[in-house]
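Residue numbering restarts at 1 for every chain, and letters A, B, ... go by the order of the sequence lines.
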Number of protein chains: 2
Amino acid sequence: MEFMTGVKPKENKELSELINGMEGAQVKVNGAVHTIRDMGNIAFVVLRKREGLLQCVFEEGETQFELRNLKEASTVEVMGVVAKSEKAPNGIEILLKTITILSEPAETMPIPIAKWKMNTSLETNLNLRPIALRNIKERAKFKIQEAVVRGFRDFLFEQGFTEIHTPKIGAKGAEGGANIFKLDYFHKPAVLAQSPQFYKQMMVGVFDRVFEAAPVFRAEKHNTKRHLNEYTSLDFEMGYIESFEDIMEMETGCLQRIMKLIEENYEKEAKILGLNLPKTDEIPCVRFDKAKELVSEKYDRPIRNPYDLEPEEEILISRYFKEEMDADFVFVTHYPSKKRPFYALDDPEDTTFTLSFDLLFKGMEITTGGQRIHDYQMLLDKIKARGMETEGMEHYLMAFKHGMPPHGGLGIGLERLTMKLLDEENVRETTLFPRDLNRLEP
Amino acid sequence: MEFMTGVKPKENKELSELINGMEGAQVKVNGAVHTIRDMGNIAFVVLRKREGLLQCVFEEGETQFELRNLKEASTVEVMGVVAKSEKAPNGIEILLKTITILSEPAETMPIPIAKWKMNTSLETNLNLRPIALRNIKERAKFKIQEAVVRGFRDFLFEQGFTEIHTPKIGAKGAEGGANIFKLDYFHKPAVLAQSPQFYKQMMVGVFDRVFEAAPVFRAEKHNTKRHLNEYTSLDFEMGYIESFEDIMEMETGCLQRIMKLIEENYEKEAKILGLNLPKTDEIPCVRFDKAKELVSEKYDRPIRNPYDLEPEEEILISRYFKEEMDADFVFVTHYPSKKRPFYALDDPEDTTFTLSFDLLFKGMEITTGGQRIHDYQMLLDKIKARGMETEGMEHYLMAFKHGMPPHGGLGIGLERLTMKLLDEENVRETTLFPRDLNRLEP
């Protein structure tokens, strides 16, 4: 009888092991042949490994292999001796003794994935996504994205939040509207979740503080550089707040943790991407109406609609705070009630506005959040005042009927945050497999 | 101008702070009124907080509040003095000075959520999910579920895996078949992902090792205790494996980490649920055909179909290994090729079988995994031999055409694993908001 006892140490070395004083040692290493530079008697065979690139030196007579039998994009296991090399990535190289082919490609690459910049159009990149992502810069973007999610979760766990998994198929959309994907669920009409809003609020009554990092679905017909029809939403909701500023404080803490994690654990990828981390030690807050005034004055731009922010105004608000106080992030608070969903809590001092906010990052909204109504009757009144029906919201309302603490929360668009962090122009650049009006594949 | 600088220390105390030598201190605490036991001159007001229950002592004359104005399910902020109390949960109580109501319920609870056992039917529990989960035992189940996901992720991060987010809407199902939810995607036919299988394999070519914890959708018409139409799948896929046992080793490591995390960080919830952690130090492995023989002999049961496992056989295999070697988990290996998807790698020594496995836990399959075909031509041949079409798989095949390392992976059903861990009989018990043939709400 055989038993599994856990992960056994492997003979094959990873990059982080090789760079740790292994000079002179004979080692086994595997990887994908990223590129081959044939110099005549010797050749540089660069392996792509999960931790980075590894230069291997093929030498006629020394390496027991016929170089012409080695193809780019093959995967191999090699044996050789570790040597220092200032010019090689990570300062080391492997002097090859043997090469064993693990697998070979059937065709050569249609794009130069081994180049620093591939110079392909975004459209081509997306069409060839399964292989385009093998480019070192492309790959690094999604390690940074990983750091964003990790930092978000790590921080919230420390702050006493519970991670939840809420259903993505439901009988009715949380926030209603036309932007809902519909499907047939065993001959019953069903929809895909636009957000975990209702569920996370209900769960505040159970766990006080909850979060979820999961896909959401928006059937919006916008085909812009900032819209996706499916994206990853980082959501949290917290009870017993004293004011909606508690939520902004928590988000600031999340952002600080994310930047720290990138600095400490994703240094390599940050360097590959030339990443300049934004300041998160203090994030300015400005009222919605005040923000409109400030940019109208400074940039000599008339206020056309006092109750909505145009994308250009978001850009100008960010520009204002960058110029005035070198801030990359700015919280815009007190959005007009008529532009927020029914569950947003109106400001008791002026019910035209809500106790809510957006977070702008380099000119783009990456978060919407705020305090919610927690009183059952107030919620019913607001639903009625908006001419909405409670039908389909019975379970949501049940939580309120039986007592809910004051609470609020937010949702962060993961791909947008990553996009702005990396100074990309299109959210598709920081989405592994984007879904938009025209794209369902790959 | 106001600035956000991160999370500020709060005046209100959490349970873990209160039990840490605060006797005699006057403190502020908030929470939901879980239950009130009126004893005449004094009353015990138990608050439900995210870390557990907190007993507060109301005393006529000492507490500035009219007890009759306090309702169960209200949320409150109280002020009082911390005192030791052997009979109270966590060994402390608060001698109340003031009570401030934060919110009040509109109706009394339809179920006794403050009781240890609510004695409601599963159907009622699920219908009243938003409030039924406020029961301490119900809530604890999902903290254990959280630990499962955390342990899975923590371990895989350490092992060099990259977390990915793959699309749930696609043009075609990964594994085909009839169990696919269909939807209209801007007048184009689309489907919901049954698994991240194709994407995680493609990403092995990019990151070597990847994982995802995300929802999957199965339009199966089974209405059993173990089936859900939407569930959370813990998936990983790893490249450069030497054999499919590498995958089982990795899963064993994940399970060991999960149990350790529960032991160290979820002690409270494990106690509430009377959880006995299963042994994960060594997990027996048995071949599919051998397993069938063993239980057929021991339990005197004829082998009806040599190429499939009946649910009863899964139960008997688990029973066999429990009886013979006190094992709760057992890996069943080498499943018949005809019962595995096309991408499963056949055993070169006998192509009737595959280099694959299921993990059984207390009689139920909680994982399916195995080595995959990595050679492009072999994959094309298998697709052809099965009479399948490559149409719609162009992007998947692209990864193989351009070279893929030997690889394999698995998918773990989160709700099933939690169910078996907690010795529950129905997977709906360990699903926050289950989706089945008849249930789309809440």
> Within a strict 4.5 Å, meaning less than it, do heavy atoms of the A/L102 and B/P406 side chains meet?
Replying inline: yes
> Where does B/L414 contact chain A at under 4.5 Å (heavy atoms): side chain, backbone, both or neither?
Replying inline: side chain
> Any idea how B/Y185 and A/F181 line up, ring-wise: parallel (<30°), tilted (30 to 60°), or perpendicular (>60°)?
Replying inline: parallel
> Is chain A contacted by the side chain of B/F329, its backbone, both, or neither, given a heavy-atom distance below 4.5 Å?
Replying inline: neither
>> Once rounded to the nearest 0.5 Å, what's the spacing between atom CE of A/M202 and atom CZ of B/R134?
In response: 11.0 Å
> Please walk me through it: do A/M203 and B/L432 pass side chain to side chain contact (heavy atoms under 4.5 Å, CB included)?
Replying inline: CA-CA 10 Å; A/M203 289 304 96; B/L432 213 49; 4.2 Å; yes
>> Among residues at least two apart in sequence or on other chains, which ones pass side-chain hydrogen bond (donor to acceptor under 3.5 Å, both in side chains) with B/E230?
In response: none
> Between A/K143 and B/F207, is there a donor-acceptor pair closer than 3.5 Å when you use the side chain of the first and the backbone of the second?
Replying inline: no
> Step by step, would you call B/E163 with A/R153 a salt bridge (Lys or Arg N to Asp or Glu O under 4.0 Å)?
Replying inline: CA-CA 13 Å; B/E163 181 173 11; A/R153 279 196 301 243; 2.5 Å; yes
> Taking the side chain as C-beta and beyond, is there a heavy-atom pair between A/R150 and B/F157 under 4.5 Å?
Replying inline: yes
>> If I compare all heavy atoms of B/R50 with all of A/G160, which pair ends up nearest, and what's the gap?
In response: CD-O, 3.2 Å
>> Under the criterion salt bridge (Lys or Arg N to Asp or Glu O under 4.0 Å), I'd like the reasoning laid out for B/E249 against A/K10: C-alpha separation, chi angles, the key distance, then a yes or no.
In response: CA-CA 12 Å; B/E249 284 178 6; A/K10 296 292 178 205; 3.4 Å; yes
> Is there a side chain to side chain contact (heavy atoms under 4.5 Å, CB included) between B/M398 and A/R129 once you walk through the steps?
Replying inline: CA-CA 9 Å; B/M398 182 193 296; A/R129 210 65 168 156; over 6 Å; no
>> Please give me the minimum heavy-atom distance between B/H395 and A/P442, naming the atom from each residue.
In response: CG-CB, 3.1 Å
>> Can you confirm whether B/M325 is buried at CE, in the sense that more than 12 heavy atoms of other residues, nucleotides or ligands lie under 6.0 Å from that atom?
In response: yes
>> Is B/R287 close to chain A through its backbone or its side chain, or both, or neither, when contacts mean heavy atoms under 4.5 Å?
In response: neither
>> Less than 4.5 Å to any heavy atom of chain A: does that hold for the side chain of B/E212, its backbone, both, or neither?
In response: neither
>> Please classify the contact between B/D436 and chain A as side chain, backbone, both or neither, with a heavy-atom cut-off of under 4.5 Å.
In response: backbone
> Just by modelled atom types, is the A/V206 backbone N or O under 3.5 Å from a matching donor or acceptor in the B/R139 side chain?
Replying inline: yes
